[in-house]
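To keep things clear, I will list the structure first and then write my remarks on it.
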Amino acid sequence: MLLPRKSTPIDVQRKQLPIYQAKPQLLNQLRQLNNAILIGETGSGKTTQIPQYLYEVGIGRQGIIAITQPRRVAAISLASRVAEEKRTQLGKLVGYTVRFEDLTSYETKIKFMTDGMLLREAIGDPLLLRYTVVILDEAHERTVHTDVLFGVVKTAQRRRKELNKIPLKVIVMSATMDVDLFSEYFNKSPVLYLEGRQHPIQIYYTKQPQSDYLQAALVTIFQIHQEALPSQDILVFMTGQEEIEALARTCRDIAKHLPDSCGSMVVIPLYASLPPVQQLRVFQPAPKGSRKVILSTNIAETSVTISGIKYVVDTGMVKAKRFSPESGRAGREDSGSCYRLYTENEFDNLMPMTVPEIQRCNLASVMLQLMALGIPDVMNFDFMSKPSPEAVCSAVEHLELLGAVEKKDGQVVLTALGKKMASFPLEPRYAKTILLSPEYSCSEEVISIVSLLSVDTVLYNPPARRDEVLAARKKFTSSEGDHMTLLSIYRAFKKVSGNKDWCRENFVNSRNMSLVKEVQAQLKEICLKLNLKLVSCGADTGSVRRCLAHGMFVNAAELQPDGTYLALDTHQPVAIHPSSVLFQAKPAYVVFNELLHTSRCYMRDLCLVDADWLLDAAPENFGRKLHISKS
DNA sequence: GAGCACTGC
């Protein structure tokens, strides 16, 4: 995502981009090719220019040119930029579509969208007939959505040819890497290389591997601080909140004791859970003569663009314990330097090992989506990087257990229930629970609960104010579990119309609560389309728990005589997470949302249920397994 | 009695 300085006129800026020189040959090639892989670093201008070039010379004029992005902010800001370059109002010729927001019209010919959004659209139109060109950008990130889209566009392309429809041009754009893999997958399609970034970055590696990367970061920061001009800011990539706050304290301490000749330093932490007001501090210029040092998680890699950064210090560490080579944050607006706190050898060796997400994640949603797309043999779907057969099988088994698919003549087919489940942007078991809810006359409540579970967390827990938090939360705590507790918080939130002061007093994250409202509206809309009754059970919370037991029976646990819990499907020992309202209680049976494998195997978000309910939900599954005892 | 990188529909 490149946003050039705004001082020069826009058409002059466009012509200064490295890609401009290559325009004639590029268009020549793209006109003839059905598939192309385009390699170019951030800064080449490929994402903003290629769609315009294609449009300007009339390639793909019969339909829409789609450009997918892994992130919402990128889709939105790129669309704004291109609309500005085309001197049109955003939403006319140039528009964007992301979840909760669709700024397109019948005039829209250049459409930026999240990859997940195009995938959703494909369920209604697997041939993607509205589109003549699909550009899959940031393909090197290998998000699940992009990976599934590879297969979807490839199939659509082939089918359209067979059916004599307008051809679909597919352009895969990547920063680097996996070129052979991309090319091979798309029938050995040609790889076109674009010249790099506008402003050079000098990259420095350490000579020796660093055992203490925090110490190395500290040394590097102060080395730069003593040598560089005070107006040149530093951005340091680190792994997490705790580490960032600790290093911030150390930096401030050391800076205090430096000689006056050194100039002062403003240290600013940046991570996602920081309140928005404090996040905005990174954009404020430091006082004259001071240097800004931003200590950030990888939130600054992609989601936030900070100007004035001249130096990047990359510790190379992320929580997933892999190298993160995305340190292209300097040099966006001017030349810059990047200090990598690892050796060039380490970089070369460890980089390609980044495993695509599709090989690491739970495939239940993906498989359900593929079936909804009408892919005939999902077990053998043409993935660019195939997930293990075990992962595919266990996903299909899970869907079978939920009644979303069934096996017929050795083939896995989608059931009517499964088809409905696929229309929700949710994990299959949540979709199933919503679909069951009218039977229990509690669809309103279940939709609210599922919406609450769809966002990060609506609870704000500052450790320093623990006692206050506990006191405030007591009012809402339900002995029936976390789902019902969340529901009562949500009901109270609605009663005060989302009042900000109420949120602050009750330690409720109002930003995430607003998101809950949006998710809830979307889920209701889908329910209406499926003719699902929206009904409330009022005070009869038992109905809600019955429904949750039915929908979530796969995640059930049973209290043992010794006071511990066993998960009913795997028989593995599990424990109630200390954050649960049921932590002190010992209910005989619970269903839970997820397992957290940390120091122990913790169940998170629990709901108290009756054994009978689980038995009713899946008699053949539980059979004689339960030690029927009432909670 | 825990442990909190980041996306997305």
Side-chain angles (χ1 to χ4, degrees), chain A residues 1 68-76 97-102 113-124 138 141-149 237-245 269-274 295-304 315-324 326 354 356-358 360-362 364-366 368-369 372-373 421-428 430-431 450-451 454-457 459-463 466 469-470 509 515 518-519 522-523 525-526 575-585 596-604:
Chain A
M1 179 170 44
T68 69
Q69 292 294 319
R71 277 167 296 278
R72 294 165 53 94
V73 273
I76 296 170
T97 305
V98 297
R99 190 183 185 184
F100 307 131
E101 250 182 291
D102 179 15
M113 61 206 299
T114 43
D115 46 14
M117 210 62 219
L118 185 60
L119 210 51
R120 276 271 134 212
E121 281 191 11
I123 292 178
E138 310 284 4
E141 290 196 23
R142 303 295 305 273
T143 68
V144 180
H145 290 153
T146 307
D147 265 32
V148 177
L149 274 177
F237 281 113
M238 304 177 56
T239 64
Q241 172 179 353
E242 209 173 337
E243 208 174 82
I244 287 171
E245 292 293 355
L270 175 65
Y271 42 86
S273 62
L274 214 57
L295 309 181
S296 171
T297 62
N298 46 14
I299 187 175
E301 237 173 46
T302 42
S303 304
V304 185
T315 60
M317 309 294 280
V318 293
K319 283 277 179 183
K321 283 191 177 153
R322 59 174 173 83
F323 270 72
S324 75
E326 314 252 349
T354 311
E357 200 185 354
I358 194 88
R360 290 181 279 124
C361 73
N362 184 320
S365 305
V366 171
L368 185 65
Q369 231 162 358
L373 279 160
M421 283 165 65
S423 45
F424 290 94
L426 293 170
E427 277 183 50
Y430 292 146
V450 168
S451 306
S454 292
V455 306
D456 234 10
T457 172
L459 308 176
Y460 177 51
N461 292 317
R466 225 185 70 122
V469 173
L470 284 175
N509 182 325
L515 213 56
E518 290 198 89
V519 177
Q522 188 187 26
L523 297 182
E525 205 177 295
I526 296 166
I576 299 180
H577 195 273
S579 69
S580 172
V581 295
L582 294 180
F583 181 62
Q584 311 276 10
L596 195 68
H597 299 266
T598 51
S599 54
R600 298 167 72 180
C601 195
Y602 285 108
M603 302 179 276
R604 254 215 306 223

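Quantities reported herein were computed from a predicted structural model and do not represent experimental measurements. Protein chains get the first letters and strands the later ones, always in sequence-line order, with residue 1 at the start of each.
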Mind calculating the distance between [atom1] ([X]) and [atom2] ([N]) to the nearest angstrom?
{"X": "A:Leu118", "N": "B:dT7", "atom1": "CG", "atom2": "P", "answer": "22 Å"}
{"X": "A:Glu357", "N": "B:dC6", "atom1": "CD", "atom2": "P", "answer": "15 Å"}
{"X": "A:Met113", "N": "B:dC9", "atom1": "CE", "atom2": "P", "answer": "10 Å"}
{"X": "A:Glu141", "N": "B:dC6", "atom1": "CD", "atom2": "P", "answer": "15 Å"}
{"X": "A:Glu427", "N": "B:dG8", "atom1": "CD", "atom2": "P", "answer": "17 Å"}
{"X": "A:Glu245", "N": "B:dC4", "atom1": "CD", "atom2": "P", "answer": "16 Å"}
{"X": "A:Gln584", "N": "B:dA2", "atom1": "CD", "atom2": "P", "answer": "12 Å"}
{"X": "A:Leu295", "N": "B:dA5", "atom1": "CG", "atom2": "P", "answer": "15 Å"}

Measure from the side chain of [X], starting at C-beta and using heavy atoms only, and say which of [options] lies closest.
{"X": "A:Thr297", "options": "B:dC6, B:dA2, B:dT7", "value": "B:dC6"}
{"X": "A:Tyr602", "options": "B:dC9, B:dT7, B:dA2", "value": "B:dA2"}
{"X": "A:Arg466", "options": "B:dG8, B:dA2, B:dA5", "value": "B:dA2"}
{"X": "A:Pro578", "options": "B:dC9, B:dA2, B:dG8", "value": "B:dA2"}

Would you indicate what [X] reaches in the nucleic acid, counting non-hydrogen atoms under 4.0 angstrom: base, sugar-phosphate, or nothing?
{"X": "A:Arg604", "result": "nothing"}
{"X": "A:Thr114", "result": "sugar-phosphate"}
{"X": "A:Arg600", "result": "nothing"}
{"X": "A:Ser599", "result": "sugar-phosphate"}
{"X": "A:Phe424", "result": "nothing"}

Quick one: do A:Glu101 and A:Arg72 make a salt bridge, cutoff under 4.0 Å?
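Result for this pair is yes, salt bridge flagged.
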With sequence neighbours left out, what residues match A:Glu427 under salt bridge (Lys or Arg N to Asp or Glu O under 4.0 Å)?
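For A:Glu427, the residues satisfying salt bridge (Lys or Arg N to Asp or Glu O under 4.0 Å) (neighbours in sequence not counted) are A:Arg429.
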Pairing residues for A:Arg604 by the salt bridge (Lys or Arg N to Asp or Glu O under 4.0 Å) criterion, not counting sequence neighbours:
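For A:Arg604 the salt bridge (Lys or Arg N to Asp or Glu O under 4.0 Å) partners, ignoring immediate neighbours, are A:Glu594.
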Could you state the interatomic distance from CE (A:Met113) to CG (A:Leu118), rounded to the nearest 0.5 Å?
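Result: 4.5 Å between the selected atoms.
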A:His145 and A:Thr143 side chains, donor-acceptor separation under 3.5 Å:
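No pair is found: no donor N or O on one side chain lies under 3.5 Å from an acceptor on the other.
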Would you say A:Tyr271 places a side-chain N or O within less than 4.0 Å of OP1 or OP2 belonging to B:dA5?
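So the side-chain polar atoms of A:Tyr271 never come under 4.0 Å of the phosphate oxygens OP1 or OP2 of B:dA5.
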Check the chi torsion on B:dC6 and let me know: syn if it falls within 90° of 0, anti if not.
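Because its glycosidic torsion lies more than 90° from 0, B:dC6 adopts the anti conformation.
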